[in-house]
Amino acid sequence: MKNLAILSIVLANTLFATSISELVENSLSSSFDLKALETKVQIADQQIAISKNWQNPILVLKSNEIMLNKHKLNNNKEYGVEFIQEIPIGNKLEIEKQIAIKDRNIQSFDLEDKKLELKSKLNLFAYTILIYEKRENLLDEYLQNLEKLYNLNKELLKIDKSDLNTILNTKINTQKIKTEQDILKTKIDNLYLNLEQITYEKYTKIDDSLAFKNINETKLLEDLSSHPKIKSNEEEILKYKDYSKLEEAKKFSNVVLGLEYMQNNIQDYANISLGFTLPIYKTENINKIKAKLNANETQNKKEIIKKSFEIETKIILNNIKQNITSFNTYQNEIIPLKQSIQNIINQNIKLDISKLEDSINNLNELIDLELKSLEYLEEYFTNYSRLIYYSNQSIESTKGIK
């Protein structure tokens with residue numbers, strides 16, 4: 001019956017566990033922040049559709065029957081209507097359409113940039129949870145060994161092969177490990193709450209392997225130039241250049257056509273008027289210069305971001321290489337040597353029960369080494385999660401870490 005209950009718990013955890021890829025996919029489709037940006041892209045699409053439309057015409061109703069001089073009568077009252085339409089000439093509307101297209105592209109790139117930020121943050125939280133849970137399991141083993149050590153020293157005390165200080169120190173170490181475990185549980189709970197805060201969904205179990213990633217450094221650095229943050233700046237530069245062209249086109253861009261129909265007691269008549277923009281005050285020239293300066297400023301900003309991304313990526317890659325080296329050194333060299341010591345101790349125990357203490361202490365030292373290697377693994381996934389943002393999708397999973 002007990003085994004059946006344990007099996008049910010395991011199956012329940014398996015059924016409701018979520019992989020990191022599923023977590024990311026679900027979040028990308030349900031994030032309200034992303035939906036807000038998608039709405040902005042849709043609005044920008046609509047702006048493109050109307051960018052070449054003319055301005056709405058103006059309809060004016062006219063009458064001169066209102067007399068300001070009460071001593072005179074108006075025997076020739078007039079009534080009429082006037083239709084005024086601004087007619088664009090030149091390529092002003094085409095330039096405005098190009099600006100609207102670039103605005104739409106900027107919104108789209110900002111959306112992709114936000115997705116990369118979200119992926120980076122979700123991976124960081126998820127992998128940290130997996131590592132903390134692995135650390136929690138190691139601390140459980142540590143506590144079990146301390147309990148064995150405590151019981152062993154109680155027995156050894158009876159035959160004067162141990163002392164009270166050793167027993168009390170074991171109790172102190174037990175309490176220290178329990179405190180560390182409580183802190184770790186709180187961190188895990190908070191990380192799940194962080195996931196819920198971002199995704200608006202409650203997750204209770206992340207099920208994924210801790211795996212090194214196959215990172216193509218050359219491709220990663222090449223892809224930096226197509227990062228959405230940089231592409232957004234490039235579109236903004238082009239938009240400012242279009243603004244400069246637009247200001248030039250505004251000098252003689254519009255004709256105002258007025259058609260007026262009037263009638264009075266004697267006759268009906270019509271008036272036609274044409275109005276032209278006169279670039280007397282040269283505000284277009286000033287705005288044109290401003291647009292060019294903004295384009296140059298954005299160009300400089302783009303180069304700064306690009307260089308910053310390149311340096312930051314190289315720093316992260318250096319950290320990742322060191323994290324892998326440190327982790328492998330512990331797993332493939334230091335821990336196996338410590339395990340060899342454990343094997344020797346076990347061979348020498350034989351009938352001497354006091355040797356069991358050395359064996360248990362050495363097992364805990366082994367766990368300490370495993371915990372230390374996990375620190376490097378945690379640093380690796382912290383750097384990997386940061387790299388997701390800079391990589392622009394250039395990372396693939398390879399072998400797992402047991």
Side-chain angles (χ1 to χ4, degrees), residues 5-45 107-140 181-213 215 227-229 232 316 374 377-398 400-402:
I6 294 173
L7 179 62
S8 300
I9 294 172
V10 171
L11 287 174
N13 286 334
T14 304
L15 288 172
F16 294 102
T18 305
S19 69
I20 294 176
S21 60
E22 290 172 337
L23 172 67
V24 171
E25 185 178 351
N26 293 340
S27 300
L28 290 177
S29 62
S30 62
S31 169
F32 289 112
D33 289 337
L34 295 183
K35 288 183 184 298
L37 290 175
E38 288 170 355
T39 300
K40 288 185 177 181
V41 173
Q42 293 171 2
I43 293 172
D45 283 331
Q107 296 291 347
S108 180
F109 286 131
D110 288 346
L111 172 61
E112 293 305 312
D113 184 66
K114 192 69 177 180
K115 287 181 180 179
L116 287 174
E117 285 184 1
L118 182 61
K119 289 179 182 179
S120 176
K121 191 175 292 186
L122 290 171
N123 273 269
L124 176 60
F125 289 156
Y127 278 116
T128 303
I129 286 172
L130 291 175
I131 292 168
Y132 281 0
E133 289 176 345
K134 193 173 180 67
R135 185 186 296 275
E136 193 176 27
N137 292 334
L138 288 172
L139 291 180
D140 280 335
Q181 203 171 43
D182 287 340
I183 294 172
L184 199 57
K185 287 178 179 177
T186 301
K187 288 182 177 180
I188 293 172
D189 290 342
N190 287 340
L191 284 168
Y192 276 113
L193 288 173
N194 286 332
L195 287 179
E196 185 177 351
Q197 186 179 29
I198 296 174
T199 63
Y200 301 96
E201 291 186 30
K202 187 175 182 62
Y203 293 95
T204 57
K205 182 66 178 175
I206 303 296
D207 182 22
D208 219 310
S209 63
L210 294 172
F212 285 132
K213 308 298 174 179
I215 302 171
H227 191 282
K229 178 70 84 175
S232 178
I316 294 173
L374 276 183
L377 193 60
E378 182 181 354
E379 289 177 12
Y380 169 84
F381 279 107
T382 297
N383 283 299
Y384 166 73
S385 299
R386 291 176 60 207
L387 192 62
I388 287 175
Y389 174 72
Y390 296 101
S391 71
N392 195 20
Q393 321 290 352
S394 300
I395 298 178
E396 295 178 357
S397 177
T398 178
I401 302 170
K402 295 181 180 180

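Position 1 is the first residue of the sequence; numbering continues from there.
Taken to the nearest 0.5 Å, the OH atom of Y127 stands 10.5 Å off from the CD1 atom of I206. To the nearest 0.5 Å, atom CG of residue D189 and atom OG1 of residue T204 are 11.0 Å apart. Atom NZ in K115 sits 10.0 Å away from atom CG in L118 (nearest 0.5 Å). Distance check, rounded to the nearest 0.5 Å: CD1 of I188 to CD1 of I183 gives 12.5 Å. In this structure, the separation between CG on L374 and CZ on R135 is 5.5 Å, given to the nearest 0.5 Å. Taking NZ from K213 and OG from S391, the interatomic distance works out to 11.5 Å, rounded to the nearest 0.5 Å.
For D140, the side-chain hydrogen bond (donor to acceptor under 3.5 Å, both in side chains) partners are Q181, not counting sequence neighbours. Not counting sequence neighbours, E201 has no partner by the salt bridge (charged side-chain N to carboxylate O under 4.0 Å, His left out) test. Annotation: side-chain hydrogen bond (donor to acceptor under 3.5 Å, both in side chains) contacts of S385 (sequence neighbours excluded): none. Legend: residues meeting side chain to side chain contact (heavy atoms under 4.5 Å, CB included) with T128, ordered by chain and number and at least two apart, are L124, Y132, L191, E378. Evaluation of the side chain to side chain contact (heavy atoms under 4.5 Å, CB included) rule for D45 yields V41, I48, R104 as partners, not counting sequence neighbours. Checked against side chain to side chain contact (heavy atoms under 4.5 Å, CB included), D113 has the following partners two or more places apart in sequence or in another chain: E117, H227, P228, K229, Y389. Residues satisfying the salt bridge (charged side-chain N to carboxylate O under 4.0 Å, His left out) test with K121, not counting sequence neighbours, are none. For E379, the side-chain hydrogen bond (donor to acceptor under 3.5 Å, both in side chains) partners two or more places apart in sequence, or in a different chain, are N323. Partners of I43 by side chain to side chain contact (heavy atoms under 4.5 Å, CB included), not counting sequence neighbours, listed by chain and number: T39.
Summarising the geometry of L130 relative to L210, their closest heavy-atom pair is CB-CD2, 3.8 Å, with the distance given to 0.1 Å. Here the closest non-hydrogen pair linking V24 and L122 is CA-CD1, 4.0 Å. Nearest heavy atoms, L195 versus T199: O-OG1, 2.7 Å. Contact record, L28 with L34: O-CD1, 3.5 Å, taken as the closest heavy-atom pair.
Identified under the salt bridge (charged side-chain N to carboxylate O under 4.0 Å, His left out) test for residues 21-42, with sequence neighbours left out: none. Under the salt bridge (charged side-chain N to carboxylate O under 4.0 Å, His left out) criterion, the residue pairs touching residues 380-390 are E312-R386, with sequence neighbours excluded.
If you run side chain to side chain contact (heavy atoms under 4.5 Å, CB included) between F125 and each of N194, L23, L193, only N194 comes through.
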> Does the side-chain contact (heavy atoms from CB on, under 4.5 Å) test come out yes or no for K205 and E133, once each step is laid out?
Replying inline: CA-CA 10 Å; K205 182 66 178 175; E133 289 176 345; 3.7 Å; yes
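A donor-acceptor pair is defined here as one N or O able to donate and one able to accept, closer than 3.5 Å; no such pair exists between the side chain of D207 and the backbone of A17.
Inter-residue side-chain proximity for F381 and N123 is flagged as unmet; no heavy-atom pair is nearer than 4.5 Å.
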